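What follows is a short report on a single structure.
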Amino acid sequence: MANIIVKGQGVSRYFGAIRAVDGVDLDIRSGELFGLIGHNGAGKSTLFKMMLGLLPLSSGEINIDGESVSGRNFRNVRRKIGYLPENLALYDNLTGLETLHFFARLKGADVQQCAAKLERVGLADAANRRVREYSKGMRQRLGFAQALLGEPRLLFLDEPTNGLDPEAIREFFVILRDLQAQGVTMILTSHILADIQDRVDRLAIMKNGKIQSCGSVQALRETVNLPLILEIGGTVTVDQVAQMLDGLPVASIEARLDRLWVKLPREAKMQALTRLMTIGDVQDLQVREPSLEDVFFGLAE
Amino acid sequence: MIEFAQIGTIAGKEFRDRIRNRWVLAIAVVFAAFALVIAYFGSAQQGAVGFRSIEITIASLVSLVIYLIPLIALILGFDAIVGERERGSLDLLLTMPITRLELILGKYLGLSAALALSTVAGFGLAGLAMANQLDLYALLNYSGFILSSVLLGMTFLSLAVMISVFATDRAGASGLAIALWFFFVLVFDLLLLGALVATGGHYGGAIFPYLLLLNPADVFRVLNIFSLEDVRTLYGMATVFPEELASPWLLGGIMLLWIAAPLSIALWRFKR
């Protein structure tokens, strides 16, 4: 069994009568890329803040690498952590390099590594420009470089792709994969589910302060058991497909965008594929799994 | 266990910020200009122009500084914590391996250093300009005045940091800062005098000097006035202020208490 780097047991946080986080148990394995998603107000930001030691727990406990983030060894724990906040605010009057120097000193990290971190996030050319001149995307990348200072073992990334263009998002996830290869654990939240569905190892879906589901995207798909979509290309007609799939629990067959779209339960997939491949007019056949968004809303229902 | 390196990092940033945005320079120029104008033209109303004596200059400067430095200190520090919170940078700072005590002390010491540098540079420059007309005694007195001005700034900066911890937003903090300035600089003495006059001096006369110690601006005034014989007579303070309370060390210690108390309250609140 993989090492557990973050362990939460019975974690709760109450604001008066409101249970922002309510009895959450959570194990995050060393080296995994873990997603935390949920509606606004689901409790993920509160849980994030408690894991970071920014908010005290009403009850329960959270350990990082076996130690409390607010305990006696909090400095050691925090030196292992990198954090990129959702609404990142940096100091406009400092340059990018000065910003990293400041945070490196606070973290006890080698300031010599700051230039390399800037280069890694593509800001080497802007190192000596004031942060006030940075675009939102550049600020986000600088915030990410800050999170990487001190070679953290655990990264908390709150909406990390905010303000990044598609190319930067791709580069960002390439860096995350590199870090993961080095054994770094990452916990990230995102509202853009498409960004993370193929990238996280596991994820937890929060609702009303509780973890509603936790597992790999595929495991969650199977839990929700949403229908699959078979996308058929070629000169085949709706009637031909309906006839061929006769007797299977097909939910619907639609002709759209020069293709046919067949919705059917997961358990009928293999039978349907076998039958459809015998039709000569079928030139292309793709299985579309429910997206993370479908799973998310499926679970919500 | 306090890590002084963390305090130094926060303090260094605050100090460099004020140097970089020319805040220190601007305030130093203002102090130097006021000090020189007061020293050379302070007696113009009496028909004389030019430097007269260090006692008169200090007495005039005390009256000016008592208004100016508290205001500058409160403006400098009112958003030390609430500003970070409102911008959203506080959470990131608090995820660093730093305690809240180190953060508050770092902020306070960095801002104090900036204010102290402005004060020493501004009044020091004026002192240099007057140096050829000052003997050693006068120089010592003027240095004492500068030191007490630094202490005055630090007391109000401590109050400002306390406000910045309690306030929920910068607008509220600035309102509180102005209210505090009005209270300590304008209202407090009026209240005391009003109470004294209303009772015809029959009640509370004995505790009146002690009540002055509840206002750091008054402590600064008493500290400076009692260190100068001529000025003491000029103000007539000797008749109402007991000698045993007038020790510069005691008054300096009380100013240090005025620094420590608001900072302690701020820390207590910040930890909650």
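Here is how names work: the chains are called A, B, and so on, in the same order as the sequence lines, proteins then strands, and each is numbered from 1. Predicted model, so just to flag it, every value in this text is computed and none were measured.
- For A/Phe156, no part lies under 4.5 angstrom from a heavy atom of chain B.
- Atom CD1 of residue B/Ile98 and atom CZ of residue A/Arg105 lie 13.5 Å apart, to the nearest 0.5 angstrom.
- With a threshold of 4.5 angstrom between heavy atoms, A/Phe74 approaches chain B through side-chain atoms but not through N, CA, C or O.
- A/Arg79 has a carboxylate O that lies under 4.0 Å from a charged side-chain N of B/Glu3, or vice versa, which qualifies the two as a salt bridge.
- In B/Arg20, the CZ atom is crowded: over 12 heavy atoms of neighbouring residues, nucleotides or ligands sit closer than 6.0 Å.
- Counted within 6.0 Å of CD on A/Glu133, heavy atoms from surrounding residues, nucleotides or ligands total more than 12; the atom is thus considered enclosed.
- From B/Arg18, atom CZ reaches atom CG of A/Asn93 across 8.5 Å, with rounding to the nearest 0.5 Å.
- For A/Phe15, the CZ atom counts as densely surrounded, since its 6.0 Å shell holds more than 12 non-hydrogen atoms of other residues, nucleotides or ligands.
- Listed by chain and number, the residues in a side-chain contact (heavy atoms from CB on, under 4.5 Å) with A/Val77 are A/Ile64, A/Glu67, A/Val69, A/Ile81 (sequence neighbours excluded).
- Note that CZ of A/Phe48 and OG1 of B/Thr95 are 11.0 Å apart. Values are rounded to the nearest 0.5 Å.
- Between chain A and the residues B/Gly88, B/Ser89, B/Gly12, the most heavy-atom pairs under 4.5 angstrom are made by B/Ser89.
- For A/Glu86, no part lies near chain B; criterion is any non-hydrogen pair under 4.5 Å.
- A distance of 6.5 Å separates CZ of B/Arg87 from OH of A/Tyr91, quoted to the nearest 0.5 Å.
- B/Gln6 has its side chain within reach of A/Leu106: a pair of non-hydrogen atoms, C-beta onward, lies under 4.5 Å apart.
- Using a 4.5 Å cut-off between heavy atoms, A/Leu94 touches chain B through backbone and side chain atoms alike.
- Rounded to the nearest 0.5 angstrom, B/Leu93 CG and A/Phe102 CZ are separated by 5.0 Å.
- Counting heavy atoms of neighbouring residues, nucleotides and ligands inside a 6.0 Å radius, atom CG of B/Leu256 exceeds 12 of them.
- Top candidate by heavy-atom pairs under 4.5 Å with chain A, chosen from B/Asp91, B/Thr99, B/Asn21, is B/Asp91.
- Counting non-hydrogen atoms of neighbouring residues, nucleotides and ligands closer than 6.0 angstrom, the CZ atom of B/Phe270 exceeds 12 such neighbours.
- Enclosure of atom NZ in A/Lys49 is not indicated, since only 12 or fewer non-hydrogen atoms of other residues, nucleotides or ligands lie within 6.0 angstrom.
- Interface remark: A/Asn87 contributes backbone atoms only to the contact with chain B (heavy atom separation under 4.5 Å).
- By the neighbour-count criterion of 12 heavy atoms within 6.0 Å, atom OH of B/Tyr67 is sparsely surrounded, having that number or fewer from other residues, nucleotides or ligands.
- In this structure, the side-chain contact (heavy atoms from CB on, under 4.5 Å) partners of A/Ala127, at least two apart in sequence or on a different chain, are A/Leu97, A/Leu118.
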